[in-house]
Amino acid sequence: MSTAIVVTSGKGGTGKTSLTAAVSSCLAALGSRVLCIDMDVGLRNLDLALGLSDRALMDFTDVLAGRCTLERAAVPHPVVENLSLLTAPVTFPCQAITFPQMRALVQQAKAQYDYVLMDSPAGLGAGFELAVCAADRAIVVSTTDASALRDAQRTVTLLRNSLERIHLVVNRVQPKLLRRLHATIDDAMDEAGLPLLGVVPEDPQVMLSANQEQLLILSTNKGAALAYLNIARRLLGQRVPLMKLR
Ligand SMILES: Nc1ncnc2c1ncn2[C@@H]1O[C@H](COP(=O)(O)OP(=O)(O)OP(=O)(O)O)[C@@H](O)[C@H]1O
Ligand SMILES: [Mg+2]
């Protein structure tokens, strides 16, 4: 059965787009058919993280308006098989898109792909609601700082209205600080009542790969790339221990 996952956070800049690109590519490399949808209308950059910026010409509003088919608008990755991107428009009022329209689009995508990952915008406004309305489950990405963790908890409270399966990923964890952070992360999970899907280390390769418009997993299989692979495996139902950060 196909699954639609929204990647969200509340606070901006926690690593949603990096995670969406990396986990999607890992799922595809592990054999699933994956469609990423950039739902960050106006500030889209999933195309950069996937290395597809000059290829995505039609966006999801073109499909919604019937100007082109999903098959035409979804851009296949040139290197990673089974990985495609449906990009966001540069400008468009999210309020003009209805939940039933969005749900119909995601339903159509689920008929063709095993996983549909939606990269949501920062904040809890109309763009967030649109990204959440068609999701089966959510990944909430937080960094270790208190404000991001608190925003993650607020996000979870809202998500609980419509979703049962919500997971937490703690990103940009500095290995040296991990022992001291354990208590903070545990507290955040307890308060939000969330299962931890993964811990991703601080890794300059995440930014370097995005700047070079190269998929992270095509540059390295260590550090953050390995953490994202483990997250993909857990989504597939495999038991993978949390990685040891050094
Ligand atoms: N594990 C990591 N290690 C180092 N840098 C990271 C890591 N994860 C993300 N970054 C960097 O943090 C910045 C923000 O990441 P990203 O764009 O993925 O966040 P976002 O949550 O999608 O932001 P926004 O809310 O603006 O959409 C980028 O420069 C990215 O390269
Ligand atoms: Mg983003």
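Ligands are counted one by one from 1 in listed order, and the atoms in each one are counted from 1 as well. The first residue of the sequence shown is numbered 1, and numbering continues consecutively from there.
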Exercise. Is a salt bridge present between Asp38 and Arg44, judged by a nitrogen-to-oxygen distance below 4.0 Å?
Worked result: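 Result for this pair is no, no salt bridge flagged.
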
Exercise. Any ion pair linking Lys11 and Asp151 (charged N to carboxylate O, less than 4.0 Å)?
Worked result: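 No, no charged N to carboxylate O under 4.0 Å.
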
Problem set entry | Which residue and heavy atom of the protein sit nearest atom 9 (C) of ligand 1, plus the separation |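 Result for atom 9 (C) of ligand 1: Ser18 OG, 3.5 Å.
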
For this session: For atom 20 (P) of ligand 1, grab the closest protein heavy atom and report residue, atom and distance to one decimal in Å.
Result: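 Its nearest protein heavy-atom neighbour is Lys16 N, 3.5 Å.
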
Exercise. Say you draw a straight line from CE of Met39 to CD1 of Ile97; how long is it, rounded to the nearest 0.5 Å?
Worked result: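 Going from CE on Met39 over to CD1 on Ile97, the span is 7.0 Å.
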
Exercise. Hey, what do you get for CD (Gln214) to OG1 (Thr220), rounding to the nearest 0.5 Å?
Worked result: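 Here the rounded value is 11.0 Å.
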
Exercise. For ligand 1, is Gly13 a contact, meaning one of its heavy atoms is under 4.0 Å away?
Worked result: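 Yes, Gly13 has a heavy atom closer than 4.0 Å to ligand 1.
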
Exercise. Out of curiosity, is Pro201 lining ligand 1, as in a heavy atom under 4.0 Å away?
Worked result: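 It does; at least one heavy atom falls under 4.0 Å.
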
Exercise. Hey, does Leu30 have a side-chain heavy atom less than 4.5 Å from the side chain of Leu236?
Worked result: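 Side-chain contact under 4.5 Å: yes.
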
Exercise. Just which atoms of ligand 1 are under 4.0 Å from any heavy atom in Val200?
Worked result: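 Result: 1 (N).
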
Problem set entry | Atoms of ligand 1, numbered as shown, that sit under 4.0 Å from any heavy atom of Gly12 |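 That gives atoms 25 (O) of ligand 1.
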
For this session: Flag Thr20 as yes if one of its N/O/S atoms falls below 2.8 Å of the Mg ion (ligand 2), otherwise no.
Result: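 No N, O or S atom of Thr20 is closer than 2.8 Å to the Mg ion (ligand 2), so no.
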
Exercise. Among Asp38, Asp203, Asn211, which one has a heavy atom closest to atom 3 (N) of ligand 1?
Worked result: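 Nearest option to atom 3 (N) of ligand 1, by heavy atoms: Asp203.
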
For this session: Run down the list Arg44, Glu202, Lys11, Met207 and name the one with the heavy atom closest to atom 29 (O) of ligand 1.
Result: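 Selected option, by shortest heavy-atom distance: Met207.
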
Problem set entry | CD/Glu81: more than 12 non-hydrogen atoms of other groups inside 6.0 Å |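 Atom CD in Glu81 is not crowded, with 12 or fewer foreign heavy atoms closer than 6.0 Å.
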
Can you check whether [X] has an N/O within less than 3.5 Å of an N/O in ligand 1?
X: Thr14; value: yes
X: Asn45; value: no
X: Ser120; value: no

Exercise. Any idea which part of Leu43 is under 4.0 Å from ligand 1, heavy-atom wise: side chain, backbone, both or neither?
Worked result: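 The answer is neither; Leu43 stays 4.0 Å or more away.
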
Exercise. Which part of Asp40 is near ligand 1, with near meaning a heavy atom under 4.0 Å away: side chain, backbone, both or neither?
Worked result: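 It is the side chain that touches ligand 1; the backbone stays farther off.
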
